[in-house]
Amino acid sequence: METVTYGHHWKEYSPREIYDYFNYIGIEDEFIEIEFYSYRGDYENSGIIRKLGNKIKNIGNKFDYFSEEMFITVEVPSEKPSVPSPPSYG
């Protein structure tokens, strides 16, 4: 929790999963900021499938839930959370 990792892509998460994960380890929603964006342009090629794909992608990016990318900033509170131990399966 004290080392910045700049991890870019570990898994594809939904916003709810992000909040649930950090809430689980004791970080409240107020310390979590999610920004939605898309850095990709339209697909190249003028075929009908590519044009349809571009339209669907562009519509989806207008809604945060369907956005292609998220940039997540998590502020660790001054009183560091206690990370629960994993469950025992033995």
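Only a predicted model underlies this, so the values are computations on that prediction, with no experimental measurement involved. As a basis for the values below, the full set of heavy atoms in this structure was taken, side chains included, without hydrogen atoms, waters or symmetry mates.
Rounded to the nearest 0.5 Å, atoms CD1 (I72) and OH (Y21) are 11.5 Å apart. Between I18 atom CD1 and I34 atom CD1 the span is 6.0 Å, to the nearest 0.5 Å.
With sequence neighbours left out, D20 forms a side-chain contact (heavy atoms from CB on, under 4.5 Å) with R16.
For Y13 against M70, the heavy-atom pair with the smallest separation is O-CE, 3.0 Å.
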